[in-house]
Amino acid sequence: MNFFANKWIAEWLQGLGRITLLCQEAVHSLFTRKVIWRDLAYQLHFIGVKSQSVVLITGAFTGMVLCAQTYFQFHKVRMDTATLAVVSVSMASELGPVLTALMVAGRVGAAMAAELGTMKVTEQIDALRTLATHPVDYLVVPRLLSAIIAVPLLNAEAIAVGIGAGYMLGIFLLGIDPTYLWQNMLKYTSTGVGRATTEAVVYSSITILISNFFLTISLSELLSYL
């Protein structure tokens with residue numbers, strides 16, 4: 001058991017070391033070598049443009065689900081207009097970046113791994129070295145630079161679409177009064193949203209406890225007559 005554990009730890013450390021050296025070499029090439037604009041444009045199209053559909057769908061439906069769930073809880077304490085504040089803060093701080101990164105990693109990362117793995121198996125990377133072309137400069141740097149440019153833009157797009165979809169759902173389907181909706185979104189800071197959420201939980205809990213008391217008394221009286 002210890003042999004397999006030690007072997008696994010050794011392999012994990014070796015992999016971590018190789019990744020660290022690759023990152024170090026890629027960052028060094030990023031600042032010292034000339035950018036190949038044609039490869040950069042191709043990778044930007046592959047990472048940024050072709051990820052539009054999955055990012056838009058993910059952002060829109062996440063915003064709508066978050067808006068609906070928040071509305072169902074806030075409506076109990078008549079805080080409907082604070083719904084968009086929670087949606088905007090949640091999308092901007094947590095859900096937007098995390099889901100965008102997951103979607104891009106799933107779509108782009110799998111395709112890159114398959115492409116580079118195929119090049120490794122067919123010895124195309126070795127062929128690059130024989131042609132005096134550094135594989136990191138040719139294969140890694142354009143993809144790394146494209147990801148640095150495209151992913152933040154995709155993240156901003158997912159956040160905007162999520163908030164917009166939540167707004168449309170709240171106004172046109174859930175019937176939230178739009179008068180104070182944007183005002184409350186701008187008004188509430190993260191602290192304000194946290195306070196509002198706490199108040200919603202407290203008010204909901206108190207309402208449930210009071211309702212439970214009267215329901216218990218009513219059912220007891222009803223059963224006594226049966």
Side-chain angles (χ1 to χ4, degrees), residues 40-112 142-208:
L40 178 63
Y42 175 80
Q43 293 300 329
L44 277 175
H45 179 267
F46 178 68
I47 297 175
V49 177
K50 289 191 174 181
S51 299
Q52 292 287 313
S53 57
V54 66
V55 169
L56 290 176
I57 293 172
T58 302
F61 280 92
T62 302
M64 288 191 291
V65 169
L66 184 60
C67 177
Q69 292 295 334
T70 306
Y71 170 79
F72 294 148
Q73 300 303 318
F74 278 24
H75 184 65
K76 299 175 184 177
V77 291
R78 300 186 183 280
M79 295 178 61
D80 301 358
T81 56
T83 300
L84 194 60
V86 176
V87 174
S88 60
V89 172
S90 300
M91 286 298 299
S93 61
E94 295 292 340
L95 293 177
V98 171
L99 294 178
T100 301
L102 287 176
M103 292 299 105
V104 173
R107 196 195 74 80
V108 178
M112 286 184 180
R143 289 170 171 80
L144 177 61
L145 187 57
S146 301
I148 293 173
I149 297 172
V151 172
L153 296 176
L154 291 172
N155 179 35
E157 186 179 45
I159 293 171
V161 170
I163 295 174
Y167 176 81
M168 300 293 287
L169 179 73
I171 297 299
F172 296 107
L173 290 182
L174 299 179
I176 301 175
D177 185 358
T179 306
Y180 301 105
L181 200 61
W182 286 106
Q183 182 179 353
N184 283 342
M185 186 191 74
L186 299 175
K187 174 183 175 182
Y188 281 119
T189 61
S190 58
T191 304
V193 174
R195 185 176 63 251
T197 306
T198 303
E199 291 175 353
V201 173
V202 172
Y203 292 154
S204 300
S205 301
I206 293 174
T207 303
I208 291 171

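Here, residue 1 is the first one in the sequence, and each next residue gets the next number.
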Can you find a heavy atom in the side chain of [X] that is under 4.5 Å from one in the side chain of [Y]?
X	Y	value
L169	Y71	no
M91	V161	no
Q43	L145	no
L99	T62	yes
M64	M168	no

Interatomic spacing from [atom1] in [X] to [atom2] in [Y] - rounded to 0.5 Å:
X	Y	atom1	atom2	answer
Y167	S88	OH	OG	13.0 Å
I176	L84	CD1	CG	8.0 Å
I148	L153	CD1	CG	12.5 Å

> Does the pair I47 and M112 meet the rule for a side chain to side chain contact (heavy atoms under 4.5 Å, CB included), with working shown?
Replying inline: CA-CA 10 Å; I47 297 175; M112 286 184 180; 3.5 Å; yes
> Is there a side chain to side chain contact (heavy atoms under 4.5 Å, CB included) between L40 and S146 once you walk through the steps?
Replying inline: CA-CA 6 Å; L40 178 63; S146 301; 3.2 Å; yes
> Who passes ring pair (Phe, Tyr, Trp, His ring centres under 6.0 Å) against H45, sequence neighbours left out?
Replying inline: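 For H45 there are no ring pair (Phe, Tyr, Trp, His ring centres under 6.0 Å) partners, ignoring immediate neighbours.
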>> For A165 versus A60, what's the shortest heavy-atom pair and its separation?
In response: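 Smallest interatomic distance, heavy atoms only, reads CB-O, 3.5 Å.
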> If you take all heavy atoms of F46 and V108, which pair is closest and at what distance?
Replying inline: CE2-CG1, 3.9 Å
> Name the one of I149, T100, V54, L56 that satisfies side-chain contact (heavy atoms from CB on, under 4.5 Å) with L154?
Replying inline: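 It is T100; the other options fail the test.
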>> List the residues meeting side-chain hydrogen bond (donor to acceptor under 3.5 Å, both in side chains) with S51, not counting sequence neighbours, and say none if there are none.
In response: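 Result, side-chain hydrogen bond (donor to acceptor under 3.5 Å, both in side chains) vs S51: R107.
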> Does R143 have any salt bridge (charged side-chain N to carboxylate O under 4.0 Å, His left out) partners at least two apart in sequence or in another chain, and if so, which?
Replying inline: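 Result, salt bridge (charged side-chain N to carboxylate O under 4.0 Å, His left out) vs R143: E115.
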